[in-house]
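The residues of the chain are indexed from 1 along the displayed sequence.
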Amino acid sequence: MSASGPELLFGGFARPALARIARWGTGYICPLPPEYAVALFELVRQQWKDVGRAGEPLLVGQINVALGPESTVAEARASLLRYYAFAPELAAQALQAMATTATEIRETVDAYRDLGAHEVMLSCWSDDIEQIDRLADLLT
């Protein structure tokens, strides 16, 4: 939290939504795979400069993950599909992008790091509490 209040992260994909980050936000959270985040991170950085903000915006990547036995992965996939039931195409894309192996998770975190992300948030879609320890062991 800053002296003026909590950090305010914005998501979104449209240029006007991203422009709000430069005016009022602390940074940007991108829930897309890194290959799509490249252009969005650059746009956010440019808009930040265009309005004369000092420093740079906080850039956060978000990865949907499920790490564990097949039951954990199956539960996570079902949960994600329920969440996005209102938008079947979006659900399919989110399901495709979900990282479910140690290699996929490490590679995605590394890709976000290479893009200059300050943080990466792992969104766990399964109730399997053991995956928190698995993820911590994987990434430490």
**Prompt:** Between Asp114 and Pro34, is any pair of side-chain heavy atoms under 4.5 Å apart?
**Reply:** no
**Item:** Set of side-chain contact (heavy atoms from CB on, under 4.5 Å) partners for Ala94, sequence neighbours left out
**Value:** Asn64, Leu80, Tyr84
**Fill in**
d(Arg53 CZ, Ile21 CD1) to nearest 0.5 Å is 10.0 Å
**Asked** Is it true that a side-chain atom of Gln47 and a backbone atom of Ala19 form a donor plus acceptor pair closer than 3.5 Å?
**Response** yes
**Asked** More than 12 non-hydrogen atoms from neighbouring residues, nucleotides or ligands closer than 6.0 Å to CD on Glu89, yes or no?
**Response** no
**Request:** Check whether any side-chain heavy atom of Leu139 sits under 4.5 Å from a side-chain heavy atom of Leu122, and report yes or no.
**Result:** yes
**Prompt:** So do the side chains of Thr103 and Thr101 get within less than 4.5 Å of each other, counting heavy atoms only?
**Reply:** yes
**Message:** With side-chain contact (heavy atoms from CB on, under 4.5 Å) as the criterion, how do Leu58 and Glu119 come out once you've worked through the C-alpha distance, each side chain's angles and the decisive distance to 0.1 Å?
**Reply:** CA-CA 8 Å; Leu58 178 65; Glu119 299 175 12; 4.2 Å; yes
**Prompt:** Relative to the ring of Tyr28, is the ring of Phe41 parallel (under 30°), tilted (30 to 60°) or perpendicular (over 60°)?
**Reply:** perpendicular
**Item:** Contact check, side chains of Asp110 and Glu107, non-hydrogen atoms, under 4.5 Å
**Value:** no
**Asked** Within a strict 4.5 Å, meaning less than it, do heavy atoms of the Arg113 and Val120 side chains meet?
**Response** no
**Message:** Checking Glu75 against Ser126: is there a side-chain donor and acceptor pair closer than 3.5 Å?
**Reply:** yes
**Asked** If two hydrophobic side chains count as joined below 4.5 Å and joins carry through other members, does Leu135 share a cluster with Val73?
**Response** no
**Asked** Are any of the side-chain heavy atoms of Arg134 and Asp128 separated by less than 4.5 Å?
**Response** yes
**Prompt:** So, for Cys30 and Leu40, which heavy atoms are closest and what is the spacing to 0.1 Å?
**Reply:** SG-CD1, 4.0 Å
**Prompt:** Does Met121 belong to the same Ile/Leu/Val/Met/Phe/Trp/Tyr cluster as Leu32, with side-chain heavy atoms less than 4.5 Å apart forming each link?
**Reply:** no
**Request:** Please tell me if the side chains of Leu59 and Pro57 come closer than 4.5 Å, counting only heavy atoms from C-beta onward.
**Result:** yes
**Asked** Would you say Tyr36 has more than 12 foreign heavy atoms packed within less than 6.0 Å of its OH?
**Response** no
**Heavy-atom side-chain proximity of Arg15 to Leu43 below 4.5 angstrom** = yes
